[in-house]
Amino acid sequence: MPRKKINITEKIETLSILDAKGVVDKKLEPSMSDQLLLDLYRAMVLGRRFDERLLALQRQGRIGTFPPIAGQEASQMGAVAALREDDWMVPAFRETAAEVWRGRSLESVILGNNGCAEAATIDPPGTTMPVSVPVGSQMLHAVGIGWAARYRKEDKVAMTFFGDGATSEGDFHEAMNFAAVFQAPVIFLCQNNHWAISIPRSKQTRSRTIAQKAVAYGMPGIQVDGNDILAVYSAATEAVERARAGRGPTLVECVTYRMQVHTTADDPRRYRSDEELEGWKAKDPIQRFETYLQRKKLLTKKKIAGIEEAVLAQIQAAVDNAEDLMKTMGDPLDMFDHAYAEMPASLAAQREELAAELAAAGKEGADG
Amino acid sequence: MPRKKINITEKIETLSILDAKGVVDKKLEPSMSDQLLLDLYRAMVLGRRFDERLLALQRQGRIGTFPPIAGQEASQMGAVAALREDDWMVPAFRETAAEVWRGRSLESVILGNNGCAEAATIDPPGTTMPVSVPVGSQMLHAVGIGWAARYRKEDKVAMTFFGDGATSEGDFHEAMNFAAVFQAPVIFLCQNNHWAISIPRSKQTRSRTIAQKAVAYGMPGIQVDGNDILAVYSAATEAVERARAGRGPTLVECVTYRMQVHTTADDPRRYRSDEELEGWKAKDPIQRFETYLQRKKLLTKKKIAGIEEAVLAQIQAAVDNAEDLMKTMGDPLDMFDHAYAEMPASLAAQREELAAELAAAGKEGADG
Amino acid sequence: MAKMTMAQALNLALQQELAQDDRVVLLGEDVGVDGGVFRVTDGLIDRFGEERVVDTPLAESGIAGMSIGMAVYGLRPVCEMQFSGFSYQAFHQIENHAARLRWRSQGRLSVPMVLRAPYGGGVRALEHHSESREAYYAHTPGLKMVIPSGPRNARALLVSAIRDPDPVIFFEAKAIYRAYREDVPEEEETLPIGQSRKIREGQDLTMVTYGAMVRPTLAAAEELSRKDGIEADVIDLLTVAPLDDSLFTASARQTGRVMVVHEAPRSFGPGAEIMARLVEKSFYYLEVPIARVTGYDVVTPLFSREQHYIPHADRVREAARQMLGEG
Amino acid sequence: MAKMTMAQALNLALQQELAQDDRVVLLGEDVGVDGGVFRVTDGLIDRFGEERVVDTPLAESGIAGMSIGMAVYGLRPVCEMQFSGFSYQAFHQIENHAARLRWRSQGRLSVPMVLRAPYGGGVRALEHHSESREAYYAHTPGLKMVIPSGPRNARALLVSAIRDPDPVIFFEAKAIYRAYREDVPEEEETLPIGQSRKIREGQDLTMVTYGAMVRPTLAAAEELSRKDGIEADVIDLLTVAPLDDSLFTASARQTGRVMVVHEAPRSFGPGAEIMARLVEKSFYYLEVPIARVTGYDVVTPLFSREQHYIPHADRVREAARQMLGEG
Ligand SMILES: Cc1ncc(C[n+]2csc(CCOP(=O)(O)OP(=O)(O)O)c2C)c(N)n1
Ligand SMILES: Cc1ncc(C[n+]2csc(CCOP(=O)(O)OP(=O)(O)O)c2C)c(N)n1
Ligand SMILES: [Mg+2]
Ligand SMILES: [Mg+2]
């Protein structure tokens, strides 16, 4: 009856399989088909190159502000690779590569980053939610989706993405708690990229890991090397299987790094050092995966060059296509669509107002 | 480099000193003066009897809805007893006994429960915040207060109270995280009374304890027998000392029971069993403390009777006084006061409107 | 037809919708075993089980956010905020997502959820339990803001709200949960969302109101008729937003005199928009300034003062008399 | 006097208040090391240290709630919501507590905090980064809602807001953070909160506006003067709530014609209250209906369409011409 230690049984582990040099831990190596490995490699390269192209477009003023993903390819791809197509993905805003894997077109990404609502209409992905800008707010949607799937007796799971910063939001807490209480089939996938704009992970929370936050909810949590796609894939697969089997949610913390600006409006030199960045470059997730695949004889220099070439061609085609598409777009009156299923009378009247203004301006323009 | 256990070093303990039969664990018995012990006993009895009287007043329609405290006297009194007078208390809404200990008058409580804003003007307590109704929202204020005290280099701490239900709110999470990140001198005092209206603790969160939620924030957490005032006092004192010494916040979970209705608008028979209640009656916090004090020869049957009598007289005097006070109160125009430091013109005009209405109605009444 | 209180009528609506559509799920704090703190969901968990009537942890953003996910998946969640004064904890979920997902997805996704919340004063409740802040939601594009005024229309509107393809904020006036009974048909009944209703005919002035204020407004109108020979046209909005201004602007063109009655604080309140529509659509017919009989721009007072805050029949009547030059 | 952008002028206000009052503390996401995403707090952490300029975790309710506690203790917290579209995460702290603690304690406590937030469109930003929803706060008793319209008044109003004994919601128009420069005196300058200002004289019509809309409104007024010989009286509200209706109702009595310009969605927006005040106080002088030139009742569009959403000078000018029968 005296002072006693409380035994917290939730297991919190850390997992790493493929190290920064590309050396694999054979005992832990997940079983993945050659095709899947190669597809993932290609997706990671596509993610990186597309990122670079978007940066260039932004610098040229051809798209608006956007959040690059460089450095986080393994976290994203390892995670979504564990999902079935009919599972749900509930992204934040920095999961471009994963969204593309799930079927979002590059054109849609370009348009979205250029302030065009039409982005949502190009190859709309079925079970991927749109990008969610308010940090942390999307996780609850995954809980509702997971709950609904179980209610429908469908064995789909929902995986939601968020950053280290997002773990500070009240909604993170409410989502984790609801998911655990309802044992909803949800995977909470944290990309701990060490920064929330200028706020380092150490100032975001005092807990040693993000994974241990699972303890607060009686939920399993695991920390993985987020630049190690094999570790991410293994942990995500385990979490997906747990959820699908009705054994509830899991928190997966992927320890990774944002190698680029927060968004193109950001200047990281204000808050972090070049050395830190250099240190992380040595842990590049694509590099080590490439080494691994070369050692497995799945990749050769030539094959790599072929993939690079194909990826760049795909991106170029998408950019051309998107820019063509944008030329045909731009009816301002469409802003009145989709506010409601049916347009209320008062809104229709406002639409008429703008239509009249545009007509008059057009006439003036034509006349003048 | 394989799968490794993460070592979560935050210590989570459970503490019990005085058992349900009044038997004390000598090794853990805190050093408290006889006077303090007797004062606390009296405060607990006052809390219980005042509660009973408020219930009677409510049933007679002499006050409005209110939240009884019965069963939680040890959690409340053990906690605030660890504070200095100039420390801050940031209550929720079920801490009447503790508020009274801190200087709130019984009259103020009666008026407050009768819908009179004037309650705040009767013996206003200096460093106790007003009751906060929105569940969980008050904890952040304690963090701000604690932060400000440290900023001012004053060694005051802030103790905030909340229930088991409140731990589900996003604000609980944000407050715990902010307090830990800023190492603010805050004591998070959870009265886990097993119910949030009709929702049992087990449906509120899946974690085994509430104390372990501290792990998510890198904060020490401790669970104590909340019906054991010695344990509560010991844990609270330790937490207060830690905070005062600049070593940051602590989460203290007091495991207790709400022996009464949630509020007088509630009917617990809809959601919990008589047996459960009976089981907890055997663990009554006042009963066991009384036994302890008797064994310590600080209390006798006669002394107890004297305290009961004095407490009842004090309550009766307060009820009479409050009812007198209420007769002199009730100028509807005072609702316009204290919206702003200075009344804006538009509000003054609205006040004039009501004044005219009241004057006309008075005249009509007088004429008619 | 059975005589029902508004609480019972709402219960009937939920019961029937739960029975006939398995997409309908209720969730919220204490809505299950306890049957809701106002007993609106009484008995539903017994009949439909924990799968359909879900007691949640105490977290409003959680409730609203989870409902959004459920709705996206194809369910028809009806969630409850225990009091509208605690819906602000969920405000970001409502504004950032419920109101926007149809637009954000350009029609691919929708959020057919209902967020029910008791609002308004008059039941001697604690702080934060008597507010009337429908304007917050009415000003948010993408939302519908519905406020019934009695048992029968509450039932019909709640059914319509549940079937509506868009998110509906559904405020229920605590003051009339059990204030009186009305005949409510057992068989299904709906009322179109987005349509106001004329509930009294008159030619001398127009009164525009909704929710709990309908009763005192009607009482004032009856007394004006009896004692002063003044006949008021009374419009019950039923839906606050999107606002149907057709009836009240037409009525104003007949009467030339308009008064708006609501419980919410006056400034930037719903009455302002009603006045704006009148100015835009009936300006040349207005003979005297439109009057606002409303709550004041102060924190809703505790219950010992609330009777002086909430508009009552006498206040409405006096304002009408003044408007007609008989004050 | 130095020529400053609004961002620089706000920075000056913060700098001087930090220097002269040790109760002033800044806090928010990225306000410290990064100097704020719009650089309004640039350099302040270097000068005043981490104790005075506090980078917080990413949690808006946390920031607002903590500020309330700091203010109760006697400090003067100036907290930042990174964008006003994320202030809803803190809405309950603002409504439930900041706005009420003075009243709840009957004057014993007060909450002298400022909540700064960039608002409005025009900077090609992402979703949720271009909203104009000041009406939510304007409708909340106990709050003050201030929106400056340029560098000099922004600086003076921010100083006044910091010194104000009540909570002030302070919206800063992103579109004019660095759009132009103005002379701003080095020495202290304040402007009274709760007072509107006439910024142009004219007798043909009255234009009421504030914030980022002041520039296009003035531009329209100048063009009307030049091209049409129409002279507009222009009122800049500066404080949206509590609303100072003295100038614009007086102006309306002179001109008989009024137009309101704001970026916020029209329905239940600030313009409605301005119209309501005009009806209440200047009704008999109005010659034509008051016109609203505003954002529409839709989700603020993404930036490829925002130029058609946000009122611009041409739209204001055309509305004025129509009002004067020259449309
Ligand atoms: C609720 C909310 N607050 C603030 C912002 C502004 N903001 C956008 S991203 C960001 C940092 C997010 O950090 P993290 O969650 O770690 O994700 P990361 O950007 O690193 O991917 C902030 C503060 C926002 N979008 N939403
Ligand atoms: C934000 C908010 N949501 C809902 C309520 C209604 N409500 C009042 S008390 C309560 C339960 C609180 O449970 P707990 O935190 O365990 O405290 P206890 O009542 O047991 O003392 C609820 C749901 C509220 N006051 N505030
Ligand atoms: Mg991050
Ligand atoms: Mg409880």
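Predicted, not measured: the structure shown is a model, and the values here were computed from it.
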Side chain, backbone, both or neither: which part of [X] has a non-hydrogen atom closer than 4.5 Å to chain A?
X       : result
C:Glu95 : neither
C:Arg23 : both
C:Thr56 : both

Got a second to check how far [X]'s [atom1] is from [Y]'s [atom2], nearest 0.5 Å?
X        : Y       : atom1 : atom2 : answer
A:Leu140 : C:Met66 : CG    : CE    : 9.0 Å
A:Phe182 : C:Glu50 : CZ    : CD    : 10.0 Å
A:Gln138 : C:Ile68 : CD    : CD1   : 11.5 Å

Heavy-atom pairs under 4.5 Å with chain A - which of [options] has more of them than the others?
options                     : result
C:Asp244, C:Asp22, C:Ile63  : C:Asp22
C:Pro242, C:Ala99, C:Gly62  : C:Gly62
C:Asp164, C:Val54, C:Asp245 : C:Val54
C:Gly69, C:Pro141, C:Pro167 : C:Gly69
C:Arg104, C:His97, C:Met70  : C:His97
C:Leu109, C:Leu27, C:Val25  : C:Val25

Taking the six-membered ring for Trp, are C:Tyr73 and A:Trp88 parallel (under 30°), tilted (30 to 60°) or perpendicular (over 60°)? tilted
So, are A:Asp337 and C:Arg102 salt-bridged, with charged N and O less than 4.0 Å apart? no
Return yes if a side-chain donor-acceptor contact under 3.5 Å exists between A:His141 and C:Gln93, otherwise no. yes
Does one side chain, of C:His92 or A:Ser137, offer a donor that lies under 3.5 Å from an acceptor on the other? no
Do the side chain of [X] and the main chain of [Y] share a donor and acceptor less than 3.5 angstrom apart?
X        : Y        : value
A:Tyr151 : C:Arg52  : no
C:Arg108 : A:Pro125 : yes
A:Asp171 : C:Ser61  : no

Measure [X] against the heavy atoms of chain C and call it side chain, backbone, both or neither at under 4.5 Å.
X        : answer
A:Ala341 : both
A:Val131 : backbone
A:Glu154 : side chain
A:Ala119 : neither

Heavy-atom pairs under 4.5 Å with chain C: which of A:Ala117, A:Ala184, A:Ser346, A:Ala142 has the most? A:Ala117
Highest number of heavy-atom pairs under 4.5 Å with chain C among A:Ala339, A:Pro124, A:Pro130 belongs to A:Pro130
What are the two closest heavy atoms between A:Tyr340 and C:Thr140, and how far apart are they? OH-O, 4.3 Å
Could you walk me through whether C:Leu101 and A:Met129 pass the side-chain contact (heavy atoms from CB on, under 4.5 Å) check? CA-CA 9 Å; C:Leu101 267 165; A:Met129 287 284 278; 4.0 Å; yes
